[in-house]
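Down below is the structure, laid out as C-alpha cells.
Order of listing sets the numbers, starting from 1, for every ligand and every atom in it.
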Amino acid sequence: MKMSNDALREANAQHMFHPMADPKAVRASPPLIVERADGVHVWDVDGKRYLDTVASLWNVNVGHNRPEIKQAIVEQLDKLAYYSTFVNTSNPPAIELSARLARMFAPEGMCQVLYGSNGSDAVETALKLARQYWKLEGQAGRTKFISLKWGYHGVHIGGTSINGNPVFRNAYEPLLPGCFQVETPYLYRNPWGETDAAKLAARCADELDRAIQYQGADTVAAFIAEPVQGAGGAIVPHESYWPAIRRICDKHGVLLISDEIVTGFGRIGSMCGARAWGVAPDMMAMAKGINSGYVPLSATLINERVASAFHRPGVPAAVMHGYTYGGHPLACAAANANLRIVEAEDLPARALDVGGYLNERLEEFRRYPNVGDVRGRGLMAALELVTDTASKGMLAAPAPFVQKLVAVARDQGAIIRVQGNRLILSPPLVFSHADVDETVRILHAAFDAAGRAA
Ligand SMILES: Cc1ncc(COP(=O)(O)O)c(C=O)c1O
C-alpha cells in the first residue's frame, strides 16, 4: 500500500538517519521528499516543482530522466543484472566502460581502471593502490599522504583522514596516522593575507615541497587534491598551481592523485579537472558525473607508471582490495550511455559557456552585506557567506539567515545548497542561460527576504 505524504514524513523522522545532518535538526525541520524528476527539475511528493541548482549532489550532470540511460539500464537488466568482477569474471558493460575511460583520459595517460560504488570508494582505492605501488617498487616506507586544507575526499576512514575540514574529521578521530594537510591556494582566506593569486599559488606549492622534505620524501606515498575544491566552496587555484605541484611531486617521486569526483566529466569546462591545468596525474578518482547518479558507480584510474608495478613478471601483486558492486553491469551500462551523451552534446563546452554566464551573473551578489566572496569555474560556483565583509567572520551554524535563504528559495521553486558558510551552485551541465536567470532571480528573492545576518 502506498504511504500517505504525512506517513512518509513521520516514518522519515522516526527511522531515517540522514548523512551530514544532526538527526534532531532533521526531526525539527523535515526534509524535502523528492518523488520524481525530469531534466533540470524535481518534484516533491506534494507535486511542487523545483529547479535543481545543485544537480542533486554535483552529480546528475546530463539531467534527470534521460531516456537513453534508462533504456541502457533496462536492456542490461534483461541480460544480466549483476555478476561480480572479482578475480576472474568480468562483464561486457564494465569492459566497454574501461576501454572508453582509457580512451577519454589517454591525454592524461590513464590506462587501467578499478571500480567502486561511490566517490569515497574511489579515493580509498587510490590511497591503497598508492601504498601497494610503493611496496611493489621496493619502497615500503612510503606510506604517508599529504592533502589540502579544506579539501574533501569522502567519508571512509582514509578519506576522512585526508579531509582538510575539521567538521568532517572531529567526530571520528583518531584517524589514520601519517596524513598531513598543507595550505590551499584559497585567495579569500589564507594565513599570509596574500591577495595575488600567482604568488599565493607559489607559496602553497612551496609549502607542499617543504612538507614533503620535512616528512622525508622516502616516507610519502602520494599527494592528493581536487583540481577545484568542491565542498571547500569552489576554490579555484591559479593556473600555475597544478603544474607546480606536478613538478614538486616529480622532484620527490611522490604520486599525484587527482580527486576528480566533482570535476570529472565536464563540470569545470574540460573532460577532467587536471586537463584544465594541462597536468597529467598518476591516478584519478572519479564518480558522480561518470553516470550522472543513475546507478551508484565510481572508478579509480591509474597511469602506466602505477600499472606497470603490478605487471612486473614474477612479482606477486594481487590487488587485495575491491568491492562487491565494483563494475556492476547496470551501473556500467548507465555510464556508457551517460558518457555517450557527455561527448555527443559536448557538455564540457556547455559547462564553460553556461558556467561563464552563471559566474558573471553571480557577481551581482557582492552587493549583499553577507556575501564576502563570489567564485567559480564552469558550472561550479560558490558564494561565501560572512558575518560582514570587513571582518570576513564565519556565520555560526546553524545560522537562521542560512535557513531563511534555503526556505525562501524552496518557496520560490529552487533547491539550493548551503554547506557551512558557502552557498554552492553545481547545476546539471544541461542547464541553460534561462535556467541561470531563474536561479539568479530566486537567489535575489532569497537574499532580499533574509535581510542581514545577525
Ligand atoms: C571531491 C570529492 N571526493 C570524494 C567525494 C565522496 O564521494 P561519495 O559521497 O560518493 O562517497 C566527494 C563527494 O561529494 C567529493 O566531492
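Among protein heavy atoms, atom 15 (C) of ligand 1 sits closest to Tyr152 CD2, 3.6 Å. Atom 8 (P) of ligand 1 has Gly119 N, 3.4 Å as its closest protein atom, hydrogens excluded (heavy atom only). Closest protein heavy atom to atom 3 (N) of ligand 1: Asp259 OD2, 2.8 Å. Annotation: atom 14 (O) of ligand 1 to nearest protein heavy atom, Lys288 NZ, 3.0 Å. Distance from atom 11 (O) of ligand 1 to its nearest protein heavy atom, with residue and atom name: Ser120 OG, 2.6 Å. At the top of the distance list for atom 16 (O) of ligand 1, counting protein heavy atoms only, stands Val262 CG2, 3.2 Å.
When the options Ile224, Asn163, Ile261 are ranked by their closest heavy atom to atom 4 (C) of ligand 1, first place goes to Ile261. Taking only non-hydrogen atoms, the option from Pro296, Ala285, Gly154 nearest to atom 6 (C) of ligand 1 is Gly154.
In this pair, Tyr152 and Phe168 present their aromatic rings tilted. The plane angle is within the 30 to 60° band. His41 and Trp43 have tilted rings, their planes meeting at an angle from 30° to 60° on a 0 to 90° scale.
Contacts of Glu226 with ligand 1, taken as heavy-atom pairs under 4.0 Å, involve the side chain alone. At a heavy-atom distance under 4.0 Å, atoms from both the backbone and the side chain of Asn118 approach ligand 1.
Thr219 and Lys144 share a side-chain donor-acceptor pair at under 3.5 Å. For the residue pair Tyr294 and Arg66, no side-chain donor N or O sits within less than 3.5 Å of a side-chain acceptor on the partner. In summary, the side chains of Ser432 and Asp435 do present a donor paired with an acceptor at a separation below 3.5 Å, with no hydrogens or angles considered.
Going from atom CG of Leu57 over to atom CE of Met20 covers 8.5 Å, rounded to the nearest 0.5 Å.
Ring centroids of Phe17 and His15 are separated by 6.0 Å or more, keeping the two rings apart.
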